[in-house]
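Below: one structure, written as C-alpha cells.
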Amino acid sequence: GEIAAALAALTRGTTEVEARTRELEKRRDRRVAGLNQIGWKSVKPEGAFYIFCDVSSFGDPLAVTQQLLEEAHVAVVPGDAFGPSGAGFVRCSYATSLEKIREVIERVQRFTERCRETAVAT
C-alpha cells in the first residue's frame with residue numbers, strides 16, 4: 001500500500017524531472033545553435049537558463065540591447081551588468097517554448113542582417 005505508493009511517486013517524479021531536463025536541454029541547444037548560426041557567438045551553458053553571446057562585432061552591447069528591443073522586440077541584458085568579464089556580451093534566456101525560441105531566432109536574424117547591411121552601406 002503506502003510503500004508502493006511512495007515508490008511510484010518517487011519513480012514517476014524522477015521520470016518527469018528527466019523529461020523536463022531533456023526538454024530544457026533541447027531548448028538550450030536550439031537557441032545556442034541558432035544564435036551561433038547567425039553570428040552571435042555563444043557557448044553552451046551547463047547549468048543556467050541563460051546564454052552569453054559575443055556581440056562585440058555588432059557594436060556596443062548596450063546599443064545592441066536597446067536596438068534589439070526597439071526594432072525586434074527581443075529583450076537581452078548587456079553582459080557587463082554581470083561584471084567586467086561580461087563586456088562585449090549580452091545574456092539571453094532560453095526558458096521558453098521551442099516555438100518562441102524559433103521566433104526569437106528569426107527576429108534576431110533579421111535584426112542582424114539589417115545591422116550588417118547598415119554597416120556595409122556606411
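- Nearest heavy-atom pair across V32 and S42 is O-OG, 3.7 Å.
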> What do the steps show when you test K44 against D29 for side-chain contact (heavy atoms from CB on, under 4.5 Å), and what is the final call?
Replying inline: CA-CA 7 Å; K44 182 169 67 171; D29 294 347; 3.2 Å; yes
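- Taking each heavy atom of E70 and H73 in turn, the nearest pair found is O-CE1, 3.8 Å.
- Rounding to the nearest 0.5 Å gives a distance of 13.0 Å between CZ of R102 and CZ of R31.
- I38 and F58 get closest at one heavy-atom pair: O-CZ, 4.4 Å.
- Across T65, I105, V108, L69, a single residue satisfies side-chain contact (heavy atoms from CB on, under 4.5 Å) together with V74, and that is V108.
- The ring pair (Phe, Tyr, Trp, His ring centres under 6.0 Å) search around F111 returns none, not counting sequence neighbours.
- Partners of E103 according to the salt bridge (Lys or Arg N to Asp or Glu O under 4.0 Å) rule, which considers only residues two or more places apart in sequence or in another chain, are R107.
- Scanning all heavy atoms of the two residues, the minimum distance from L24 to Y94 falls at O-CE1, 3.5 Å.
- Here the shortest heavy-atom pairing between L62 and P78 reads CD1-CG, 3.9 Å.
- A salt bridge links E23 to K26: one of the charged nitrogens lies within less than 4.0 Å of a carboxylate oxygen.
- Note: the hydrophobic cluster containing V55 does not contain F89 (ILVMFWY, side chain heavy atoms under 4.5 Å, direct or indirect links).
- Geometrically, R91 engages Y50 in a cation-pi contact, judged by NZ or CZ lying under 6.0 Å from the ring centre and within 45° of the ring axis.
- For an aromatic pair to be called close, the ring centres must be under 6.0 Å apart, and F82 with F52 satisfies this.
- Here the CZ-CZ distance, from F49 to R27, works out to 9.0 Å after rounding to the nearest 0.5 Å.
- A distance of 8.5 Å separates CZ in R28 from CD1 in I51, rounded to the nearest 0.5 Å.
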>> R110 vs E71, test: side-chain contact (heavy atoms from CB on, under 4.5 Å). Steps then yes/no.
In response: CA-CA 10 Å; R110 287 192 301 267; E71 296 175 21; over 6 Å; no
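- Here the straight-line distance linking atom CD of E25 with atom CD of E46 works out to 9.0 Å at 0.5 Å rounding.
- Residues C92 and L35 share a closest heavy-atom pair of SG-CD1, 4.3 Å.
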